[in-house]
Amino acid sequence: MLGRLNHVAIAVKDAEKAAKIYGAAFGAEISAAVPLPDHGVITVFVNLPNTKVEFLQPLGETSPIAKFLERNADGGIHHLCYEVADIIATRDLLIAEGARVLGDGQPKIGAHGKPVLFLHPKDFSGALVEIEQA
Ligand code: CO
């Protein structure tokens with residue numbers, strides 16, 4: 001039921017600057033910066049053969065990563081994203097197992113145009129988890 005690791009997200013103040021060294025030093029493929037107003041972030045992806053690194057930069061005054069960056073001024077790992085085949089079925093199983101889904105529990109469209117949900121870090125060993133319908 002749990003699929004591939006889709007990405008590891010790192011919150012930073014400047015996503016393009018953060019991604020740059022991956023392109024320059026590692027020769028990795030870097031995406032363009034994409035603003036996601038619904039999520040309050042700008043994303044830049046570093047594409048690796050087996051997964052991606054997603055750099056997140058705050059967008060707007062109510063960005064959900066603003067507080068994280070207050071506590072982690074140099075940036076830091078923000079969440080892990082796993083792929084699932086059916087996000088609604090997975091959500092319902094997780095809730096039945098006692099996990100907490102953030103927000104109103106309804107999937108939003110994420111950075112890849114696919115439905116995503118976020119799960120409470122306290123239920124996942126201190127790590128914020130995103131699930132994305134593959
Ligand atoms: Co993500």
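No hydrogens, no waters, no symmetry mates; every other heavy atom, side chains included, goes into these values. Whatever order the structure lists them in is the order used to number ligands and atoms, beginning at 1. Bear in mind the structure is a predicted one, so any value in this text is a computation, not a measurement.
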Inset, instruction - Could you please tell me which protein N, O or S atoms lie under 2.8 Å from the Co ion (ligand 1)? - result: His7 NE2, Glu54 OE1, His79 NE2, Glu130 OE1
Inset, instruction - Count the heavy atoms of every other residue, nucleotide or ligand shown that sit under 6.0 Å from CG of Leu48, and state whether that count exceeds 12. - result: yes
Inset, instruction - May I ask you to check whether over 12 heavy atoms, not counting those of Ile77, lie within 6.0 Å of atom CD1? - result: no
Legend entry - Side-chain (Ser63) to main-chain (Gly40) donor-acceptor, under 3.5 angstrom: yes
Legend entry - Thr51 backbone acceptor or donor facing Arg4 side chain under 3.5 Å: no
Inset, instruction - Drop me the distance from Glu54's CD to His112's NE2, to the nearest 0.5 angstrom. - result: 6.5 Å
Inset, instruction - Answer yes or no: is there a side-chain heavy-atom contact under 4.5 Å between His78 and Ile65? - result: yes
